[in-house]
> 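Encoded as structure tokens, here's the structure I'll be asking about.
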Amino acid sequence: MKIRYSSEQGSTVIMCLIIASIMGMVLASYLSLVSAQNLSVTRSQTWNSVVPVAEAGAEEALTHLYHNGPSNLFLCGWITAGSDYYKWRQVGDGWAY
């Protein structure tokens with residue numbers, strides 16, 4: 001028994017490989033796009049949750065300086081660490097010190 005191969009069978013294999021590689025590139029670029037969007041959304045949510053905490057910390061420090069002056073820094077729960085003063089607070093889901 002003889003098996004004959006035609007040029008059409010080779011063309012079909014080549015076309016399947018080309019279509020599969022195009023589909024693979026499209027899938028890889030889509031996954032890359034989704035990954036970049038996920039990173040962007042995560043970064044944005046983190047930034048939006050940190051800004052109120054930073055503003056609250058600055059407001060707390062300025063209010064403390066306004067009412068107590070720079071000489072009474074140990075009042076109202078402020079703690080020293082070397083030459084820095086800090087106060088731990090919870091603001092919403094985050095915390096600041």
> Salt bridge (charged side-chain N to carboxylate O under 4.0 Å, His left out): which pairs involve residues 61-72, sequence neighbours left out?
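Residue pairs passing salt bridge (charged side-chain N to carboxylate O under 4.0 Å, His left out), neighbours aside: none found.
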> For Ser49 versus Val53, what's the shortest heavy-atom pair and its separation?
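In this case the closest contact between Ser49 and Val53 is O-CG2, 3.6 Å.
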> Look at the side chain of Ser29 and the backbone N and O of Met25, then say whether any donor-acceptor pair between them is shorter than 3.5 Å.
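At least one qualifying donor-acceptor pair exists.
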> Atom CD of Gln37 and atom OG of Ser32: how far apart are they, to the nearest 0.5 Å?
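It is 11.5 Å, given to the nearest 0.5 Å.
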> Calculate, to the nearest 0.5 Å, the distance between atoms CD and CG belonging to Glu59 and Leu62 respectively.
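The distance works out to 8.5 Å.
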> Shared ILVMFWY cluster between Leu31 and Met23, side chains joined below 4.5 angstrom?
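Unlinked, Leu31 and Met23 end up in two clusters.
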> Any salt bridge (charged side-chain N to carboxylate O under 4.0 Å, His left out) pairs touching residues 63-86, not counting sequence neighbours?
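Not a single pair qualifies under salt bridge (charged side-chain N to carboxylate O under 4.0 Å, His left out).
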> Using atom types as modelled and distance alone, determine if a side-chain donor or acceptor of Thr42 lies under 3.5 Å from a backbone N or O of Asn38.
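Checking the backbone N and O of Asn38 against the side chain of Thr42, a donor-acceptor pair under 3.5 Å is found.
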> Would you please name every residue forming a side chain to side chain contact (heavy atoms under 4.5 Å, CB included) with Leu33, sequence neighbours left out?
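With sequence neighbours excluded, Leu33 shows a side chain to side chain contact (heavy atoms under 4.5 Å, CB included) to no residue whatsoever.
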